[in-house]
A.B. asks: 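My questions will all concern the structure given below.
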Amino acid sequence: GTTTLPEKDWEIFKNLLQPIKIPKKVDFLKAGEDCKHIYFVSDGLLYSYITGKKGKTHVLHLASEGYWISDLESFLIREPSLCNIATVET
């Protein structure tokens with residue numbers, strides 16, 4: 001189910017958000033970098049992926065409008081990401 005934040009908490013959370021616009025087909029998190037953000041998709045489509053040993057792309061997660069995407073493990077423990085996150089369209 002969904003949870004509703006009290007208005008006071010929503011205002012605090014909303015003030016932490018920083019809108020950014022990312023061009024189409026851009027890897028904005030690359031494997032080996034620390035993930036420093038959790039992204040909310042307000043427009044477009046984002047995906048996380050890894051590249052296999054033979055160079056094949058393996059999609060891990062798709063995030064369309066209204067969804068969140070990140071490498072939470074990298075974000076939470078401040079270790080380099082194992083995946084990439086890219087835009088499909090914006």
Side-chain angles (χ1 to χ4, degrees):
T2 53
T3 302
T4 303
L5 284 176
E7 187 65 29
K8 175 184 77 157
D9 294 336
W10 172 246
E11 288 302 319
I12 292 168
F13 177 73
K14 192 168 64 172
N15 288 329
L16 297 172
L17 301 176
Q18 297 177 357
I20 59 171
K21 184 157 178 83
I22 304 168
K24 294 178 181 180
K25 299 182 181 178
V26 170
D27 285 11
F28 57 92
L29 175 67
K30 296 182 175 146
E33 298 176 345
D34 288 352
C35 183
K36 298 177 181 164
H37 305 283
I38 299 173
Y39 300 93
F40 178 77
V41 183
S42 62
D43 185 37
L45 182 65
L46 308 177
Y47 68 107
S48 64
Y49 69 95
I50 57 171
T51 303
K53 292 180 182 178
K54 295 181 180 179
K56 185 174 179 178
T57 298
H58 302 275
V59 175
L60 304 173
H61 183 83
L62 289 171
S64 58
E65 295 169 22
Y67 287 88
W68 299 84
I69 192 167
S70 186
D71 180 341
L72 284 178
E73 184 174 349
S74 173
F75 178 80
L76 292 172
I77 64 174
R78 295 292 184 216
E79 292 287 334
S81 178
L82 299 177
C83 69
N84 303 282
I85 301 178
T87 53
V88 175
E89 57 183 88
T90 57

A.B. asks: Would F13 and I38 show up in the same hydrophobic cluster when neighbours are defined by side-chain heavy atoms closer than 4.5 Å?
C.D. replies: yes
A.B. asks: V41 and S64: which non-hydrogen atoms are nearest, and at how many Å?
C.D. replies: CB-O, 3.4 Å
A.B. asks: What residues, two or more places apart in sequence or in another chain, satisfy side chain to side chain contact (heavy atoms under 4.5 Å, CB included) together with H37?
C.D. replies: Y39
A.B. asks: P80 and G32: which non-hydrogen atoms are nearest, and at how many Å?
C.D. replies: CB-O, 3.4 Å
A.B. asks: Look at the side-chain heavy atoms of Ile, Leu, Val, Met, Phe, Trp and Tyr, link any pair under 4.5 Å apart, and say whether F75 and I69 land in one connected group.
C.D. replies: no
A.B. asks: Do the side chain of T87 and the main chain of K25 share a donor and acceptor less than 3.5 angstrom apart?
C.D. replies: yes
A.B. asks: With clusters built from Ile, Leu, Val, Met, Phe, Trp and Tyr whose side-chain heavy atoms come within less than 4.5 Å, directly or transitively, what are the remaining members of the cluster of L60, listed by chain and number?
C.D. replies: I50
A.B. asks: What pairs with Y49 under ring-ring contact (aromatic ring centres under 6.0 Å, His included), at least two apart in sequence or on another chain?
C.D. replies: Y47
A.B. asks: Can you list everything that forms a salt bridge (charged side-chain N to carboxylate O under 4.0 Å, His left out) with K14? Sequence neighbours excluded, please.
C.D. replies: E11
A.B. asks: Linking Ile, Leu, Val, Met, Phe, Trp and Tyr by side-chain heavy atoms under 4.5 Å, what else ends up with L16?
C.D. replies: none
A.B. asks: Is it true that L62 and Y67 fall in one hydrophobic cluster, defined by side-chain heavy atoms closer than 4.5 Å?
C.D. replies: no
A.B. asks: Enumerate the salt bridge (Lys or Arg N to Asp or Glu O under 4.0 Å) contacts for residues 26-40, please, sequence neighbours excluded, ordered by first and then second residue.
C.D. replies: none
A.B. asks: Tell me the side-chain hydrogen bond (donor to acceptor under 3.5 Å, both in side chains) pairs involving residues 68-80, sequence neighbours left out?
C.D. replies: D71-S81
A.B. asks: One pair to check against side chain to side chain contact (heavy atoms under 4.5 Å, CB included): L46 and F28. What are the steps and the verdict?
C.D. replies: CA-CA 10 Å; L46 308 177; F28 57 92; 3.9 Å; yes
